[in-house]
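First the structure, in the form of structure tokens, and then the observations on it.
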Protein chains: 2
Amino acid sequence: MTLKQSYGIGELAREFDVTTRTIRFYEDQGLLTPRRRGQTRIYSPADRVALKLILRGKRLGFSLAESGDLIRLYQPTGDNRQQLGALLEKIEEKRTQLQQQLVDIQIMQQDLDAAEERARQALKELEESDV
Amino acid sequence: MTLKQSYGIGELAREFDVTTRTIRFYEDQGLLTPRRRGQTRIYSPADRVALKLILRGKRLGFSLAESGDLIRLYQPTGDNRQQLGALLEKIEEKRTQLQQQLVDIQIMQQDLDAAEERARQALKELEESDV
DNA sequence: GGGGAAGTTTACGTTAACGTAAAGTGGCCT
DNA sequence: AGGCCACTTTACGTTAACGTAAACTTCCCC
């Protein structure tokens, strides 16, 4: 069995642990574009990938608008030089941002190391004082 | 010259490129605790560090409440075993979150690589088509 | 054919993180 | 004394990202 090629809204909601309201909201914001069977939404694998990207973005503090940008970076658009240039700029910009986040994470990890060390030390001293 | 040991609100605002309103708001949320001279706020180096931490947190999508937790992790608190245990748990939790963010960043960087590659390819094809 | 279960639309409500405006205080300069 | 900063408090306004509720259709099951 290869990939499923369509998904229901509840199905996606369960898989990614979000509400259907959230998924519809993302469509409202133009981030998802399911087709319809009757009035029921049918999601493509591309929609599923987009949703994944949105949630990944959220974990990094991206706004929905920013995730929208990322999604569009991904869609092969028959573009002219102008647009392609702007696109390359956006990519570079995001790259810089991710770099900064990497630095931030490293500093925080060091902070956590220090905090843990102090906590363990405090615990140790408690142990030693009540024989 | 060692470190400055007190800062005005405007001074901090300029240094970190935030408004004074923002700094006062953080105090309102219990994240900063400046002393007063008259009714004017005077910030300590510890306040300055806390502010730095908050802004770093923001870049990673942390809420002010989460950053508040982090600040408290940093303050040496005469704690009992209960609290120290809880503290260690919180630290571990944050560590897990940072790990996830690292993974997210790596995936996004790869996505950006791919997007850039496609853009450059599209540009190349445009160049070749208009001799 | 009655009743879930899962889908839909419409619309008002909510929270976080500030922005913005108004009105006042204190110091310093000329 | 007048004026201009930089600071203060109070309070209402705003945006993003959904939550929540109501009222409706569709399909399936027994």
Side-chain angles (χ1 to χ4, degrees), chain A residues 4-44 47-48 50-72 94 97 101 104, chain B residues 4-44 47-48 50-72 94 97 101 104:
Chain A
K4 264 194 95 167
Q5 85 262 25
S6 80
Y7 309 85
I9 191 170
E11 194 175 353
L12 287 181
R14 274 187 303 278
E15 176 176 2
F16 294 108
D17 194 33
V18 296
T19 68
T20 59
R21 171 68 172 97
T22 294
I23 295 181
R24 289 193 197 99
F25 178 72
Y26 292 162
E27 177 180 356
D28 222 64
Q29 302 305 108
L31 305 179
L32 300 177
T33 53
R35 63 181 202 279
R36 301 281 185 133
R37 182 166 52 207
Q39 82 170 351
T40 301
R41 279 165 254 251
I42 310 285
Y43 296 87
S44 72
D47 286 320
R48 185 170 166 282
L51 179 52
K52 228 171 172 173
L53 199 150
I54 295 169
L55 299 177
R56 180 153 51 232
K58 283 203 63 178
R59 288 195 298 272
L60 292 174
F62 287 30
S63 70
L64 294 186
E66 286 178 304
S67 292
D69 288 349
L70 290 182
I71 291 175
R72 263 166 264 129
K94 284 297 164 192
Q97 185 182 345
Q101 290 189 291
D104 287 332
Chain B
K4 261 193 98 168
Q5 84 262 26
S6 81
Y7 309 85
I9 191 170
E11 193 176 354
L12 287 182
R14 274 188 303 278
E15 176 175 2
F16 294 110
D17 193 34
V18 297
T19 68
T20 58
R21 171 69 172 95
T22 295
I23 296 182
R24 290 194 197 97
F25 179 73
Y26 292 162
E27 177 179 356
D28 222 64
Q29 300 308 106
L31 305 180
L32 300 176
T33 53
R35 64 182 202 278
R36 301 279 185 135
R37 183 168 50 207
Q39 83 171 350
T40 301
R41 277 164 256 251
I42 310 285
Y43 296 88
S44 72
D47 285 321
R48 186 170 166 281
L51 180 53
K52 228 170 171 173
L53 199 151
I54 294 169
L55 299 177
R56 180 154 50 232
K58 284 204 61 177
R59 288 196 297 272
L60 292 174
F62 287 30
S63 71
L64 294 186
E66 287 178 303
S67 292
D69 287 352
L70 290 183
I71 292 175
R72 263 165 266 128
K94 284 297 163 192
Q97 185 183 344
Q101 289 189 291
D104 287 331

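Each chain gets a letter, A, B and so on, in the order the sequences are listed, and its residues count up from 1.
- In this entry the distance linking CD1 of A:I42 with C1' of C:dT8 reads 13 Å, nearest Å.
- Within the structure, a side-chain polar atom (N or O) of B:R41 is placed less than 4.0 Å from OP1 or OP2 of D:dT8.
- In B:R36, the CZ atom is crowded: over 12 heavy atoms of neighbouring residues, nucleotides or ligands sit closer than 6.0 Å.
- Protein atom CD of B:Q29 is 9 Å distant from nucleotide atom P of C:dC18, rounded to whole Å.
- If you measure from atom CD1 of A:I23 to atom C1' of D:dC18, you get 13 Å, rounded to the nearest angstrom.
- Comparing C:dC18, D:dA17, D:dT8 by their closest approach to the side chain of B:T40 singles out D:dT8.
- Rounded to an integer number of Å, the gap from CG of B:D28 to P of D:dT9 is 10 Å.
- With C:dA17, D:dT8, C:dT8 as the choices, the nucleotide that has an atom nearest any side-chain atom of B:R36 turns out to be D:dT8.
- Which of C:dA17, D:dG19, D:dT8 sits closest to the side chain of A:T22 comes down to D:dG19.
- Distances from the side chain of B:I9 to the nucleotides C:dG7, C:dC18, D:dT8 place D:dT8 closest.
- In the displayed structure, B:E15 atom CD is contacted under 6.0 Å by more than 12 heavy atoms of other residues, nucleotides or ligands.
- Taking only side-chain nitrogens and oxygens, B:Y26 never comes nearer than 4.0 Å to OP1 or OP2 of C:dA17.
- The minimum heavy-atom distance linking A:S67 with A:L53 is given by the pair O-CD2, 4.0 Å.
- Straight-line distance from the CZ atom of A:F25 to the P atom of D:dA16: 9 Å, rounded to whole Å.
- At the heavy-atom level, B:T19 lies under 4.0 Å from the strands shown only through sugar-phosphate atoms.
- Rounded to whole Å, atom C1' of D:dA6 lies 13 Å from atom OH of B:Y43.
- Distance CD (A:E11) to C1' (C:dG7): 14 Å, rounded to an integer number of Å.
- Within the structure, a side-chain polar atom (N or O) of A:K58 is placed less than 4.0 Å from OP1 or OP2 of D:dC18.
- Applying the 6.0 Å contact sphere to CD of B:Q5 captures no more than 12 heavy atoms from other residues, nucleotides or ligands.
- Heavy atoms of A:S63 sit under 4.0 angstrom from primed sugar atoms or phosphate atoms, though from no base atom.
- Side-chain atoms of B:R21 lie closest to C:dG19 of the nucleotides C:dT8, C:dG19, D:dA17.
- Comparing B:F62 and B:Q39 by the nucleotide of DNA chain C whose heavy atom lies nearest to each, the residue mapping closer to the 5' end is B:F62.
- One distance of note links CZ of B:F62 with CG of B:L70; it measures 6.0 Å at 0.5 Å rounding.
- Here the C1' atom of nucleotide D:dC18 and the CD1 atom of A:I54 are 13 Å apart, to the nearest Å.
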